[in-house]
> 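Got a structure here, written out as structure tokens. Questions coming.
For the numbers below, each heavy atom of this structure counts, side chains included, while hydrogens, waters and symmetry mates do not. Here the structure is a predicted model, which is why all the values come from computation and not from measurement.
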Amino acid sequence: MTTPVLREMRWWDIEPVLELEKDLFPEDAWSRGMFWSDLAHARGPHATRRYYVAEDADGRIIGYGGLASAGDTADVQTIAVAREQWGTGLGALILTELLRAATSFECAQVMLECRVDNVRAQKLYERFGFEAIGFRRGYYQPGNVDALVMRLNDPSASVQGTEING
């Protein structure tokens, strides 16, 4: 199995990302407009977002992730990995790149929300040093699913010594 290649997400990636988004998050998938809005802030000297896609050897998008920064805090906006890639380490690869982006934005902490029923994702975040700090009741709509709020202090410490391709 070849290692996926991570690269910056661009506008032409929105449609294949939306297909994966709708498969993985059928009740609360992001809209085309949400991705367009975030990508509008991902380039240039005043960029506050970083989005990446992971491609397999055939150029098919099999994962993606995004991060927003404001001041000294970053927020993981989304991470998704195609079901057939679960357990391969792709989520960790994407998260590593997002934490590198937080470091480049000079953020002292990274926040995220995770569905309370997504234990697999919670374990990934905990491996990177994220800690649960609270809940947002009914955050994921329309399913009215609570979000676990997690925080990582010093994202640069979580990515030291890791490598990424592409």
Side-chain angles (χ1 to χ4, degrees), residues 4-56 58-83 85 90-115 118 121 124-125 128 130 133-134 136 138-156 158-159 162 164-166:
V5 174
L6 261 75
R7 64 170 174 77
E8 178 184 5
M9 183 176 169
R10 301 299 303 272
W11 65 267
W12 52 81
D13 297 314
I14 292 176
E15 290 308 315
V17 163
L18 282 173
E19 288 177 28
L20 191 52
E21 178 82 3
K22 289 172 186 169
D23 176 52
L24 296 170
F25 311 110
E27 287 187 349
D28 48 16
W30 278 33
S31 69
R32 181 176 289 103
M34 292 169 76
F35 280 108
W36 270 105
S37 177
D38 267 15
L39 287 181
H41 299 284
R43 299 191 67 132
H46 304 292
T48 57
R49 309 283 193 277
R50 289 285 188 282
Y51 275 75
Y52 300 97
V53 293
E55 293 181 326
D56 65 12
D58 297 324
R60 188 175 64 95
I61 292 177
I62 55 173
Y64 56 90
L67 177 112
S69 69
D72 70 347
T73 301
D75 189 80
V76 173
Q77 300 293 291
T78 186
I79 292 181
V81 172
R83 294 177 196 280
Q85 296 292 318
L90 182 55
L93 193 67
I94 294 168
L95 182 56
T96 297
E97 195 66 6
L98 294 177
L99 295 178
R100 280 202 176 106
T103 300
S104 74
F105 283 132
E106 299 181 354
C107 294
Q109 65 179 354
V110 178
M111 308 289 293
L112 61 81
E113 294 88 18
C114 180
R115 290 175 62 109
N118 191 345
L124 169 66
Y125 302 137
F128 277 76
F130 280 86
I133 61 168
R136 290 195 172 146
Y139 183 78
Y140 293 99
Q141 294 296 327
N144 201 36
V145 177
D146 295 344
L148 177 65
V149 180
M150 302 182 84
R151 177 179 57 214
L152 172 67
N153 292 313
D154 191 10
S156 65
S158 291
V159 296
T162 58
I164 191 159
N165 60 336

> Output every pair passing salt bridge (Lys or Arg N to Asp or Glu O under 4.0 Å) with a member in residues 33-47, not counting sequence neighbours, ordered by first then second residue.
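Every salt bridge (Lys or Arg N to Asp or Glu O under 4.0 Å) pair that includes a residue of residues 33-47, provided the two are not neighbours, is Glu8-Arg43, Asp38-Arg49.
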> Specify the closest pair of heavy atoms between Ala80 and Phe25, including all atoms of both residues, with the distance to one decimal.
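Closest approach of Ala80 to Phe25, heavy atoms only: CB-CE1, 3.8 Å.
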> Rounded to the nearest 0.5 Å, what separation is found between the CG atom of Leu95 and the CG atom of Leu124?
5.5 Å
> I need the Arg136 CZ to Cys114 SG distance, nearest 0.5 Å.
13.0 Å
> If only atom types and distance count, is the side chain of Ser37 paired as donor or acceptor with the main-chain N or O of Gly33 below 3.5 Å?
no
> Identify the residue among Ile133, Val76, Leu152 that makes a side chain to side chain contact (heavy atoms under 4.5 Å, CB included) with Met111.
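When Ile133, Val76, Leu152 are each tested with Met111, the side chain to side chain contact (heavy atoms under 4.5 Å, CB included) holds only for Ile133.
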> Suppose we screen for side-chain hydrogen bond (donor to acceptor under 3.5 Å, both in side chains). Which residues come up paired with Asp58, at least two apart in sequence or across chains?
none
> Are Asp13 and Arg10 close enough that some pair of their side-chain heavy atoms sits under 4.5 Å apart?
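Yes. Closest side-chain heavy atoms under 4.5 Å.
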> Locate the shortest heavy-atom distance separating Ile61 from Leu20; write the atom from each residue and the value.
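Heavy atoms only, the tightest pair is O-CD2, 4.2 Å.
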> Okay, side chain of Gln141, backbone of Gly138: is any donor-acceptor separation there less than 3.5 Å?
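Here the side-chain-to-backbone pair exists.
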> Please verify the inter-ring angle class for Phe35 with Tyr64; under 30° counts as parallel, over 60° as perpendicular, anything in between as tilted.
perpendicular
> Between Ala47 and Ala42, what is the shortest heavy-atom contact and its length?
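Taking every non-hydrogen atom into account, CB-C, 3.7 Å.
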> Would you indicate whether the side-chain heavy atoms of Ile79 and Tyr125 approach each other to under 4.5 Å?
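The answer is yes, as the side chains (C-beta and beyond) meet within the 4.5 Å cut-off.
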> Go through the structure and list residues passing side-chain hydrogen bond (donor to acceptor under 3.5 Å, both in side chains) with Tyr139, not counting sequence neighbours.
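Checked Tyr139 against side-chain hydrogen bond (donor to acceptor under 3.5 Å, both in side chains); matches are Glu113.
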> Of all the heavy-atom pairs spanning Arg115 and Asp28, show the shortest one and how long it is.
NH1-OD2, 3.2 Å
> Could you tell me whether the side chain of Ser104 and the main chain of Ala101 form a donor-acceptor pair under 3.5 Å?
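Present.
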> Among residues at least two apart in sequence or on other chains, which ones pass side-chain hydrogen bond (donor to acceptor under 3.5 Å, both in side chains) with Asp146?
Arg137
> Any heavy-atom pair between the side chains of Met150 and Val110 that's under 4.5 Å?
no
> For His41 and His46: C-alpha separation, side-chain torsions, deciding distance, then whether side-chain contact (heavy atoms from CB on, under 4.5 Å) applies.
CA-CA 8 Å; His41 299 284; His46 304 292; over 6 Å; no
> How long is the gap from CG on Leu6 to CD on Glu97, to the nearest 0.5 Å?
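Leu6 atom CG to Glu97 atom CD measures 6.0 Å (nearest 0.5 Å).
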> Do you know the tightest heavy-atom contact between Arg50 and Leu98?
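Looking at all heavy atoms of both residues, the closest pair is O-CD2, 4.0 Å.
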> Kindly compute the distance separating OG (Ser156) from CG (Asn153), expressed to the nearest 0.5 Å.
11.0 Å
> Provide the closest heavy-atom pair for Leu67 versus Ala74 in the form atom of the first, atom of the second, distance.
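Here Leu67 and Ala74 meet closest at CD1-CB, 3.8 Å.
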> Does anything in residues 18-27 pair up under salt bridge (Lys or Arg N to Asp or Glu O under 4.0 Å), and if so which pairs, sequence neighbours excluded?
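Qualifying pairs: Asp23-Arg83.
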> Please enumerate all residues that pass side-chain hydrogen bond (donor to acceptor under 3.5 Å, both in side chains) together with Thr73, with sequence neighbours excluded.
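Result, side-chain hydrogen bond (donor to acceptor under 3.5 Å, both in side chains) vs Thr73: Gln109.
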> Verify the neighbour count for atom CZ of Arg60: are there more than 12 heavy atoms of other residues, nucleotides or ligands below 6.0 Å?
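It does: Arg60 CZ has more than 12 such atoms within range.
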> When rounded to the nearest 0.5 angstrom, what distance separates CD1 in Ile94 from OG1 in Thr78?
9.5 Å
